[in-house]
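The first residue in the sequence is number 1, and the count goes up from there. In each ligand, atom 1 is the first atom listed, and ligand 1 is the first ligand listed.
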Amino acid sequence: MCGIVGYVGLRDTLGIVVSGLHRLEYRGYDSAGIALCVPGKRQISVVKTPGKISDLETLIAAKLVSDADRTAPIGIGHTRWATHGLPNEANAHPHLSMNGEIAVVHNGIVENYAAIKQRLTQQGYKFSSDTDTEVIAHLIQECYQGDLRSAVATALKKLEGTYGIAVVSSRHPDTLVAARKGSPIAVGICEDETLVASDISAIVNYTKQVIFLDDGDLLTAKAGDVDITSSKNVPVTRPPTFVDWDVGQIEKGGYEHFMLKEIHEQPQAISYAIRGRLLPDEGTTKLSGMQMDPREMARIDRISIAACGTSFYAGMVGKYYFEDFASIPTEIEQAAEFRYRNPIIQRDTCMLAISQSGETADTLAAVREAKRKGSMVLGICNVVGSTIARESGRGVYLHAGPEIGVASTKAFTCQVAVLAMMAIAFGRTRRLSTSDGAEMVKAISRLPDIARRTLEQEDAIRRVAEKYADCEDFFYIGRGYMFPAALEGALKLKEISYIHAEGYHAAELKHGPIALLQKEVPVVATVADIAGKEKTLSNMQECRARSAPVIAIATEGDDSVNAVSEEVIRVPKCPDFLSPVPVVIAEQIFAYHMARLRGCPIDQPRNLAKSVTVE
Ligand code: AGP
């Protein structure tokens, strides 16, 4: 996902914009650029380049040599993940209007850019890029009649699609304009400076009071002063959200990669996710963000879960929970399918939208479709104030802290913990007894320690990785609670080590995939000591009969796996319903070391972005 940073104020604009872009690097990008407005200079100073921000800094040092540039009071910057046009200098943002007096950075997609580009070209506008974004810069010039804010507002009305934009003009070197429709924009207001960014990690260093623009909002900012108008073009006040992260949490904290840091943060992250939410004496949980009393929960007769990727696999675990603990029919599907298949939503259906970033386009679209059909929606997000969290209207935050690595780790285990707490609350409005609920709640309270003890296995897991780092194909198998665990393990391995890894239900192998097994194709069997284990042991035997080496992820002390495994990775014993947590943590560690041994760019895997905000 691309990154936006804008600044207007009395300090080092260039330095603040560039360091903000550094904070957004984790999101993945392939070009970067900045634009500065210098009072009295009609031409905006722009420096942009394919590659990394370090390349941009080298160019800035060579090109922006004047004191005027370096003391500019206003500027914008961008990291771009190519969607229209190659990652090269011409396509990098910021984009300039034809007269060079307006600069724009943009996240999102302008769906009608071709028609606009054709019309403007016929009117004599000259384009220098293949991007959709460039039309915005020329449109604003076309609409400009002396007031930057109204020129931007008029131009945006002509766009179809999504945008998060920041705009500066050399005619107004004290005014920063920003707007959002479908792509997040956060605003940090300090005493005599204002920052805008697509992600709060570029802001939290300066202020913890952050305003999140709503779709249709348009911000006009001067140093320390902002005006916001809504989609109805009327002034609105957006209350600031206190962001309880600090920059330190976004730094690597001594780890080689953000991913490894976040794997090891899981005991703490899970403790934050469950803190204040367990009521052992009442055998239930308290999730005030759902804004549902027991009567409302008792009325829900169906649950529909929509999510993508790792969040989808956490949702699969959640399906078992809601059906096992609360006897509520629960379906889960890829968020991208949900809105296109005309889903059946009834009066008492509740959608759970699971999304770490809270910005995944397909999941957001599923939320909007569910709301159009009258469904209640609960968001399960990690990023406070994210679009899905706000448009769901209610739900449960993970409180896992920022997840920077592209591969999701602590979000998964916290999502599982939150889903378990939700299902217990729903279950207690049905047949789940106080004593059974109390037992489950106590088990959840021990989850941080389960995670911590799993992390102690890292060296043993790394040694297994060292044996199989050259393999190019893997299978992951599991059943019951281990089935989503197997799918998640396969996703982790493929997305950061680039090894082809397939997750399969253990019973499904013999329906075809087993044809692929041979000694070069290891099989990771997620076989915690829970219901269904015996059948998975048989499946492991079938794999070994085809010479495939079997790597078992099994419960400590369970020797039944030894005879059917080449390697055994041990995880702590825990109740069946929590077994995905230690098993998936072991898979995260395995995938991390496989990728590290293969020299892969673990935090920014090729082709991937941290948040997929386009369909
Ligand atoms: C997981 O490691 C991947 N990065 C990806 O599958 C991710 O889980 C998916 O894009 C959903 O993201 P979200 O949770 O932010 O919605």
Seminar exercise, completed: In chain-and-number order, ligand 1 lies under 4.0 Å from a heavy atom of each of Cys308, Gly309, Thr310, Ser311, Ser355, Gln356, Ser357, Thr360, Val406, Ala407, Ser408, Leu491, Lys492, Glu495
Exercise. Can you name the residues that form a salt bridge (charged side-chain N to carboxylate O under 4.0 Å, His left out) with Arg598, not counting sequence neighbours?
Worked result: Glu472
For this session: For the pair Arg390 and Asp214, find out whether any cationic side-chain nitrogen is under 4.0 Å from an anionic carboxylate oxygen.
Result: yes
Problem set entry | Aromatic contact, His264 with Tyr255 (centres under 6.0 Å) | yes
Problem set entry | Salt-bridge contact Arg596-Glu256 (side-chain N to carboxylate O under 4.0 Å) | yes
For this session: Just jot down the salt bridge (charged side-chain N to carboxylate O under 4.0 Å, His left out) partners of Glu508, sequence neighbours excluded, or say none.
Result: none
Seminar exercise, completed: For Val464, the side chain to side chain contact (heavy atoms under 4.5 Å, CB included) test, sequence neighbours excluded, returns Tyr468, Ile551, Glu567, Ile569, Phe590
